Structures are given as C-alpha cells and as structure tokens.
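The chains referred to below are lettered A, B, ... by the order of the sequence lines, with proteins before strands, and numbering in each begins at 1. For clarity, every value in this text was computed on a predicted model and none was experimentally measured. What you see below is based on every heavy atom in this structure, not just the backbone, and it leaves out hydrogens, waters and symmetry mates.
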There are 2 protein chains.
Amino acid sequence: MRKENSTNSINERFLFQVCELNSAISIISGRWKSQIVYSISQGNNRFHLLQKELPNISETVLARQLKELETHAILMKTKIPNMVPVGIEYILTNKGNDLVPILERLCDWGKLYSEGKEISVDSIS
Amino acid sequence: MRKENSTNSINERFLFQVCELNSAISIISGRWKSQIVYSISQGNNRFHLLQKELPNISETVLARQLKELETHAILMKTKIPNMVPVGIEYILTNKGNDLVPILERLCDWGKLYSEGKEISVDSIS
DNA sequence: GCAATGACCAACAAAATTGTTAGTGTTTAA
DNA sequence: TTAAACACTAACAATTTTGTTGGTCATTGC
C-alpha cells in the first residue's frame, strides 16, 4: 500500500494542496478509469457489460477500479431488486455526471490533434 | 523502459485505440505535469521559475517531465537570445494552450465537490 | 451433485513511474 | 581559481500501479 512518508506521497499531497486540479486528475487517471466512467454514462452500467466493452480487463482489475471510483464518489453501486444471483448496477453520482462533459472535451482535444491539426506556437507571447 | 509486449502496454494501446480520451489523459496524468502546464500558462515559463513554484521537485524530475510534455507537443523550448548562460523559455503550443481551459474546468469540478457540494444520485436513470 | 452465473477479494508478482546520486558544460562575478 | 547560475543527463533505487492466481458465496438448471 501507500507509504505515507515517501517523497512520492509527500509530493502528491503537496500538489493536492496547490490546486484541486491535481486531485481531480489523480481521480480519473488510473488505467481504465475514465473509459469506465464514460461507458457507464453510455448505459453500460453492469459488471458484465463493462467486461464486454473492455474485453482485456480482468475481473479483479475491473472490480478494483470500480471500487476506487466508488471511493471517490464518482459512482455508486445499487442492487437490482428481485434478481438472483444478485445483480448490481453502477450509477454515476452527480459528481460523476459532471465529469462526463469534461471527459468529452478532453476526447475532442485529443482527436483534433491526432487528426492532424497543425501544431505551432503563436509567438504573441 | 517500456516492455512493448507486457499486458500493461497492450492494454494501454487498446485504450488509446478505443478513444482519444485515454491518450489525452495519459499525456496529462504524470506527476507534476498538469501543474507545470498550468504554471507555464501563468507565465512561469523558465526552469527556475517552475522550481520556485514547485519547491519539492528535483531538477532531474522537472527536466524529465518537461521533456515528456515536449514529446507530446504540449510545449516547446526556445532559446532566449543573447543570454549567458543560455536561457531557455518554455512556450505552450496551440495544443498546450487548448488544454488549459479544460484543466481549469477539471479544477473547478474538483473544487466544487471538495467545498462540500452534496453528492447524490438522481435516480431518473 | 455439479457446473454455471454474477460479483466480487486477498496475496502476490510484474511492470511502470517517480525520486536520487553524481555527473556535464559555459560563463561571469568574487 | 573557485564558486555559482542555468539547464540539463544517465544510471540506479524506491515506490506505486497494474495484472495474475486462486479463491468466495448464493442460487438455478441439468
């Protein structure tokens, strides 16, 4: 786990306190995480639906990333009533939903430049 | 360095190809990186100015993160003419500049919820 | 009674990121 | 001539993240 007193985690805390930007990025930056949030927002709100979307993810890893997103209150688990075996649905909180349009902008930004938009510096400085 | 054939890097490539969102996040998610981008956008565009802003960062690490941001064309280095010893200025490219407002939104999002905005699920589903 | 489904978890191992140590080179001021 | 500023770098070590293995538990269909 975390070593509270490593330079690494001291630096992490330092950045968290400089600006919320850094905590925000740390919440969404784990492997699979933002894709999971986006997939849930598109309706893939069950464990097995996410597995279908992300065929390379292992069950253990998916469960772990879901749990971390839950810890940061991006999503919540709810039991689907009268299901056997127990069915669980993942629902984005308002915090998670507010994140989605930001992720979409990030996506557009990435697309724009990968599709060849010219990169330059305007020396207006 | 990178092991091209590890599950880890295969999964990374898989996500990159699913959506640009994932490459975008991987560009900005290294330790210090988004803070460096933001600081440069605020005018701290010299090596030593960044060190002043981020007192805990070591020279080696700062140089490394700047280089990676340069590799992803978020910023460019320029020599300041007639300076001795050689002065280097870091300038955001248009790609880097386009990122700044998105980082600001992420920051606001983080602030909103850290300042106590209530978290809930609207079960409108 | 045995496998299958759905949703996990702990412990460990592999890999990646981050930080450290000890250097480089030029020039100017003390 | 010695130190100090500026802007780095390579090699290594510490730490963290990611992936793997081998489980759990409850219920239904065969």
Query raised in the report: Mind checking what makes side-chain hydrogen bond (donor to acceptor under 3.5 Å, both in side chains) contact with A/Gln42, not counting sequence neighbours?
Result: none

Query raised in the report: Closest nucleotide of DNA chain C for B/Glu4 versus for A/Lys77: which of these residues is on the 5' side?
Result: A/Lys77

Requested in this report: Let me know, please, whether B/Arg31 or B/Thr7 comes out on the 5' side of the other along DNA chain D by nearest nucleotide.
Outcome: B/Arg31

Query raised in the report: Starting at CD1 of A/Ile80 and ending at P of C/dT5, how long is that distance when rounded to a whole Å?
Result: 17 Å

Query raised in the report: Given atom CZ of B/Arg13 and atom C1' of C/dA15, what is their separation to the nearest angstrom?
Result: 14 Å

**Report entry** Lys/Arg-Asp/Glu bridge criterion (N-O < 4.0 Å) met for A/Glu53, A/Arg46
**Finding:** no

Requested in this report: Measure the distance from CH2 on A/Trp32 to C1' on C/dA16 and round it to the nearest whole Å.
Outcome: 16 Å

Report summary line: Closest to the side chain of B/Ile88, out of C/dA15, D/dC8, C/dG19, is D/dC8

Query - Nucleotide C/dA14, atom P - distance to CG of B/Asn11 in whole Å - result: 17 Å

**Report entry** Length of the CD-C1' vector between A/Glu12 and D/dT17, whole Å
**Finding:** 12 Å

Report summary line: Rounded to whole Å, CD of A/Glu68 lies from P of D/dT16 at a distance of 14 Å

Query raised in the report: Contact class for B/Lys79 (heavy atom, under 4.0 Å): base, sugar-phosphate, or nothing?
Result: nothing

Let me have the donor-acceptor pairs involving side chains of residues 65-74 of chain A, under 3.5 Å, with sequence neighbours excluded, atom names and distances please.
| from | atom 1 | to | atom 2 | distance (Å) |
| --- | --- | --- | --- | --- |
| A/Gln65 | NE2 | A/Arg31 | O | 2.7 |
| A/Glu68 | OE1 | A/Lys33 | NZ | 2.6 |
| A/Thr71 | OG1 | A/Lys67 | O | 3.0 |

Query raised in the report: Checking all strands, does B/Lys33 fall into the base, sugar-phosphate, or nothing category for heavy-atom contacts under 4.0 angstrom?
Result: nothing

Requested in this report: Using atom CG of A/Leu69 as one end and atom C1' of C/dA7 as the other, report the distance to the nearest whole Å.
Outcome: 16 Å

Report task. Please list, by residue number, the residues of residues 46-66 of chain A whose heavy atoms come closer than 4.0 Å to an atom of DNA chain D; answer none if no residue qualifies. Result -> A/Ser58, A/Thr60, A/Val61, A/Arg64, A/Gln65

Requested in this report: Name all residues meeting the side chain to side chain contact (heavy atoms under 4.5 Å, CB included) criterion together with A/Ile10; count only those two or more places apart in sequence or in a different chain, and write none if there are none.
Outcome: A/Arg13

Query - Pair listing, salt bridge (Lys or Arg N to Asp or Glu O under 4.0 Å) test, anchored in residues 71-81 of chain B, at least two apart - result: none

Report summary line: To the nearest 0.5 Å, atom CG of A/Leu49 lies from atom CD of A/Glu89 at 9.5 Å

Donor-acceptor contacts under 3.5 Å from residues 107-115 of chain B side chains, at least two apart:
| from | atom 1 | to | atom 2 | distance (Å) |
| --- | --- | --- | --- | --- |
| B/Trp109 | NE1 | A/Lys95 | O | 2.9 |
| B/Tyr113 | OH | A/Asp98 | OD2 | 2.5 |
| B/Ser114 | OG | A/Glu20 | OE2 | 3.3 |
| B/Ser114 | OG | B/Lys111 | O | 3.1 |

Report task. Report yes if a side-chain nitrogen or oxygen of A/Ser9 is closer than 4.0 Å to either non-bridging phosphate oxygen (OP1 or OP2) of D/dT15; otherwise report no. Result -> no

Report task. Output yes when at least one side-chain N/O atom of A/Lys67 is less than 4.0 Å from OP1 or OP2 of C/dA7, else no. Result -> no

Report task. Nearest whole angstrom, please: distance from the P of C/dA13 to the CG of B/Asn8. Result -> 18 Å

